[in-house]
Amino acid sequence: MTRLRFALLNAAHDGANTRRNFRREIDADLVEFDAVDGDLPDHTEFDGVVVTGSRSSVYWDEAWIPPLVDYVADAAEAGVPVLGVCYGHQVLAEALGGRVAGMDGFEIGYNEIRRLRDDPLFEGIDESFTAFTTHGDAVVELPPSATLLAENDRGVHAFRDGHCWGVQFHPEYDIETARDVTDGKRDQIGDARVDGVLESITPEAYDAACEAKALFENFTAYAELLAADEVEAEAEAAAADD
């Protein structure tokens, strides 16, 4: 089978770390689009769509956000597997009829998350796992047909709706990104808290969080099976026409 082709909708305002992280973790050809600049695909002919994190909120009045939400809704309706990470998770929730709102406070650092049920995306990931989180918004209402997959005491951390998954945490982060993002939150959460989180970003914590990276391989495997099924269905249809 040919190599999978995913659309990477980069919603990061400074996308270098984001680009590096997703290209390292996803074993597929990534066609990148700068969503913040209004750059989106004009079709949904991909094997999968991945939506990244962002420092924006989905409810902000910014011209690039509604078209991104609409595109994700279109991709989902077309049956394309979608993976939304952090902001992308919130975009996916909005696209499918859920609701996102600001949190009381800010979650940041390596935190424990509870997986609530088995799902192909979480194959090989423990019921309680560690992941880096950094967000001041949360999905407060799941899409009507979505299933909650993971949470902690700060709210929803993963859901599934058909071929679409959202994860609030950042499985793609490396140590460099975790430190850069944390250091950039000083104005938002204060020096004392930032310094405390930076002390907790250790090789040991990162190693523990690497378990969650399995979801990228799981998402790709799901997309590959779906693509193979489509090829088989097309072949059967063609044979029936002969």
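None of these values were measured; they are calculated from a predicted model. Below, each value reflects all heavy atoms present in this structure, side chains not excepted, and no hydrogens, waters or symmetry copies.
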- Query: When the aromatic ring centroids of His89 and Phe159 are compared, is their separation below 6.0 Å?
  - Reply: yes

- Would you check if the distance from the ring center of His135 to the ring center of Tyr87 is below 6.0 Å? no

Nearest 0.5 Å, please: how far is [atom2] in [Y] from [atom1] in [X]?
X: His163; Y: Asp161; atom1: NE2; atom2: CG; value: 10.5 Å
X: Asp74; Y: His43; atom1: CG; atom2: NE2; value: 13.0 Å
X: Arg19; Y: Thr52; atom1: CZ; atom2: OG1; value: 10.0 Å
X: Arg115; Y: Leu121; atom1: CZ; atom2: CG; value: 10.5 Å
X: Leu116; Y: Glu127; atom1: CG; atom2: CD; value: 9.0 Å
X: Leu40; Y: Asp34; atom1: CG; atom2: CG; value: 9.5 Å

Minimum heavy-atom distance [X]-[Y], with the two atoms named:
X: Leu4; Y: Ala227; result: CD2-CB, 4.3 Å
X: Glu107; Y: His157; result: OE1-NE2, 3.1 Å
X: Val80; Y: Cys164; result: O-SG, 4.3 Å
X: Gly38; Y: Trp64; result: N-CB, 4.4 Å
X: Val69; Y: Ala95; result: O-CB, 3.5 Å
X: Ile113; Y: Ala150; result: CG2-CB, 3.9 Å

Treat each ILVMFWY residue as a node, draw an edge where side-chain heavy atoms are under 4.5 Å apart, and state whether [X] and [Y] are in one component.
X: Trp165; Y: Val49; value: no
X: Leu198; Y: Ile108; value: yes
X: Met103; Y: Val139; value: no
X: Tyr71; Y: Val100; value: yes
X: Val36; Y: Val31; value: yes

- So, Asp47 and Arg5, do they make that salt bridge, N to O below 4.0 Å? no

- Message: I'd like to know if Arg179 and Asp174 make a salt bridge, using a cut-off of under 4.0 Å between side-chain N and carboxylate O.
- Response: no

Mind checking whether [X] and [Y] have parallel, tilted or perpendicular rings, split at 30° and 60°?
X: Tyr173; Y: Phe132; result: tilted
X: Phe129; Y: Phe122; result: tilted
X: Phe33; Y: Phe46; result: perpendicular

Does [X] [atom1] have over 12 foreign heavy atoms under 6.0 Å away?
X: Glu112; atom1: CD; answer: yes
X: Asp191; atom1: CG; answer: yes
X: Glu77; atom1: CD; answer: no

For the residue pair [X] and [Y], confirm or rule out a side-chain donor-acceptor distance under 3.5 Å.
X: Ser57; Y: Asp137; result: yes
X: Glu123; Y: Asn218; result: no
X: Thr134; Y: His170; result: no

- Run the numbers on Thr133 and Asn111 for side chain to side chain donor-acceptor pair (under 3.5 Å), then give the verdict. CA-CA 7 Å; Thr133 66; Asn111 287 293; 2.9 Å; yes

- Message: Please evaluate residues Phe106 and Arg193 with respect to the criterion side-chain contact (heavy atoms from CB on, under 4.5 Å), reporting the C-alpha separation (whole Å), side-chain torsions for both, the decisive distance (0.1 Å), and the verdict.
- Response: CA-CA 11 Å; Phe106 199 92; Arg193 189 169 178 204; 3.9 Å; yes

- Message: Strictly distance-based, threshold 3.5 Å: is any side-chain N or O of Arg160 a donor or acceptor partner for the main-chain N or O of Asp119?
- Response: no

- Task: Could you go through the side-chain contact (heavy atoms from CB on, under 4.5 Å) check for Arg114 and Asn152 one step at a time?
- Result: CA-CA 6 Å; Arg114 299 181 299 277; Asn152 67 6; 4.2 Å; yes

- Task: Using a 4.5 Å cut-off on heavy atoms from C-beta on, say whether the side chain of Arg20 contacts that of Glu176.
- Result: yes

- Task: For the residue pair Glu62 and Ser56, establish whether any side-chain heavy-atom pair is separated by less than 4.5 Å.
- Result: yes

- Message: If we check side-chain hydrogen bond (donor to acceptor under 3.5 Å, both in side chains) with Gln168, which of these qualifies: Arg154, Gln90, Glu151?
- Response: Gln90

- Candidate list Thr44, Val50, Leu92, Leu9, test side-chain contact (heavy atoms from CB on, under 4.5 Å), partner Val82, passing option: Leu92

- Query: Under the side-chain contact (heavy atoms from CB on, under 4.5 Å) criterion, do Phe216 and Leu83 qualify, and how do the steps go?
  - Reply: CA-CA 9 Å; Phe216 291 115; Leu83 175 64; 4.0 Å; yes

- Task: Apply side-chain contact (heavy atoms from CB on, under 4.5 Å) to the pair Phe22 and Asn10, showing each step before the final yes or no.
- Result: CA-CA 10 Å; Phe22 280 96; Asn10 194 339; over 6 Å; no

